[in-house]
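Report on the structure given below.
To find a chain, count down the sequence lines: A is the first, B the second, and so on, and within it residues start at 1. This one's a predicted model, so the numbers in the text were calculated from it and none came from an experiment.
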Protein chains: 2
Amino acid sequence: MAEEHGPETGSGPRTAILNAAMRLFGKQGYTGTSVRDLATEVGVLPGSLYAHIQSKEALLVEIVADGIHRFITAVEPHAYSAGSPAERLRAMIVAHVEVVAENPERSLVVFHQWRFLGEENLPAAIERRQVYEGCFIKVVEDGVAQGLFKQDINQRIAVFTILGALNWTPEWLSPSGRLSPREVGVLMAETLMRGVLA
Amino acid sequence: MAEEHGPETGSGPRTAILNAAMRLFGKQGYTGTSVRDLATEVGVLPGSLYAHIQSKEALLVEIVADGIHRFITAVEPHAYSAGSPAERLRAMIVAHVEVVAENPERSLVVFHQWRFLGEENLPAAIERRQVYEGCFIKVVEDGVAQGLFKQDINQRIAVFTILGALNWTPEWLSPSGRLSPREVGVLMAETLMRGVLA
DNA sequence: ATTCTATAAACAAACGTTTGTTTAATGGCA
DNA sequence: TGCCATTAAACAAACGTTTGTTTATAGAAT
């Protein structure tokens with residue numbers, strides 16, 4: 001079967017459990033979701049889940065790891081492509097928004113719930129997040145170095161501003177809204193790169 | 001006693017409990033923090049807390065309500081002041097960052113943990129949040145209407161972009177960092193209003 | 001006949017909260 | 001100064017509930 005990215009893809013009990021976990025972990029948080037909540041959402045008794053999963057935390061590990069991987073896969077190539085820093089940053093922002101739109105629930109978990117990973121799984125997730133942030137740092141550095149970006153911006157703060165705006169998108173983005181995810185991404189890129197001032 | 005805003009102000013057991021709750025709710029989340037965690041942080045046994053608080057949720061209610069109030073108090077006057085939309089927006093962003101810096105732990109709770117309020121307290125908190133967001137919507141609308149902001153930005157998306165960047169600041173802002181909170185705010189405003197492009 | 005999957009029931013541990021009691025410091029009065 | 005009444009705060013223990021997880025068992029599908 002080809003790899004799929006949207007929500008509710010795949011089939012079988014395991015996929016149903018993962019999708020339910022994305023929804024509930026996203027809405028109520030990992031610590032705010034009980035295994036009984038999860039079982040009710042799937043339509044099964046609590047103990048039945050354990051025929052398909054190893055533990056509650058294993059679900060979080062899988063959702064976060066796959067999610068970060070999805071973002072890196074979609075965005076990293078643009079960060080190191082041949083275009084100008086401006087073109088690259090624009091493409092990265094659009095790609096990020098498109099991945100969020102693919103599955104906002106999962107994105108919510110990726111950006112807000114990773115901190116509840118146990119000691120064994122946390123370092124790897126943090127490292128992957130840093131790889132992701134590194135993509136944006138690289139492009140902003142290049143832009144400034146090449147004189148295409150403002151010389152008087154603080155690079156660290158510019159990157160945090162961009163990432164903050166992006167990290168918040170799963171809170172409000174509606175994949176079925178009037179604007180397509182790509183259009184939303186283009187508009188966000190416009191705002192972040194040229195500002196709101198006329 | 002004059003009203004104070006920074007962390008660790010006030011005294012007495014009640015204030016100590018509130019400060020501990022801000023720290024733990026911010027770091028571990030509301031549902032991820034047990035009353036025993038809280039008691040340990042305060043340096044007391046779990047039951048002892050209930051001589052000073054009504055319930056765990058009452059702590060969240062107080063932190064969120066006071067926090068939102070603090071943001072509105074600091075930012076709203078700028079939104080409806082006499083200056084140009086550009087001046088007003090810049091002042092709002094700076095004020096927001098300064099309030100975050102006052103107490104990043106509390107800000108983390110205000111922006112991430114409000115959803116765990118019970119049915120009785122949630123509507124009021126949502127309404128206050130909307131008042132706060134309304135300040136930014138108003139200024140962007142004015143800016144576009146007066147031709148001072150770009151005509152081809154999507155106002156809704158511009159506001160979400162700005163608020164997203166601001167809502168994320170408590171995750172990385174260090175009040176004791178090299179740059180003062182005001183300087184950070186000015187730099188963020190610069191990025192959001194003029195973009196990163198030279 | 002074997003393999004899956006679900007059920008029903010139970011487990012130990014942790015949850016938020018309440019209770020009855022002890023301790024420590026405070027202020028008035030002799 | 002010495003004594004007592006008051007108060008504030010914490011302790012120690014337990015309450016009933018919910019947590020994540022395991023077990024034994026039974027029906028369905030290959």
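Note on B:Thr33: only backbone sugar-phosphate atoms sit closer than 4.0 angstrom, heavy atoms only; bases stay farther off. Counting any heavy atom pair closer than 4.0 Å across all strands shown, B:Val35 reaches a base atom. Residue A:Ser34 is in sugar-phosphate contact alone, with no base atom involved, counting any heavy-atom pair closer than 4.0 Å across all strands shown.
Taking atom CG of residue B:Leu24 and atom P of nucleotide C:dG16, one finds them 12 Å apart after rounding to whole Å. Regarding B:Leu38, its CG atom lies at a distance of 18 Å from the P atom of C:dA14, rounded to whole Å. Here C:dA14 presents its C1' atom at 7 Å from CZ of B:Arg36, a figure rounded to the nearest Å. Going from atom CD1 of B:Ile53 over to atom C1' of C:dG16 covers 10 Å, rounded to whole Å. For the pair B:Lys56 NZ and C:dA14 C1', the interatomic distance rounds to 12 Å; values are reported in whole Å. Residue B:Leu45 contributes atom CG, which lies 11 Å from atom C1' of D:dA13 at whole-angstrom precision.
Remark: B:Ser48 is not in phosphate contact with D:dA9, judged by side-chain N or O atoms under 4.0 Å from OP1 or OP2. For A:His52, a side-chain nitrogen or oxygen approaches OP1 or OP2 of C:dA6 to under 4.0 Å. Taking 4.0 angstrom as the limit, A:Tyr50 places none of its side-chain polar atoms (N or O) nearer than this to OP1 or OP2 of D:dT22.
Using modelled atom types, one finds no donor on one side chain facing an acceptor on the other under 3.5 Å when comparing A:Glu183 with B:Asn154.
Classification of the B:His112-B:Trp168 ring pair by plane angle, with boundaries at 30° and 60°, yields tilted.
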Problem - Test salt bridge (charged side-chain N to carboxylate O under 4.0 Å, His left out) applied to B:Asp66 and B:Arg106, step by step - result: CA-CA 9 Å; B:Asp66 288 0; B:Arg106 178 185 62 189; over 6 Å; no

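A salt bridge does not link B:Lys27 with B:Glu41: none of the charged nitrogens is closer than 4.0 Å to a carboxylate oxygen.
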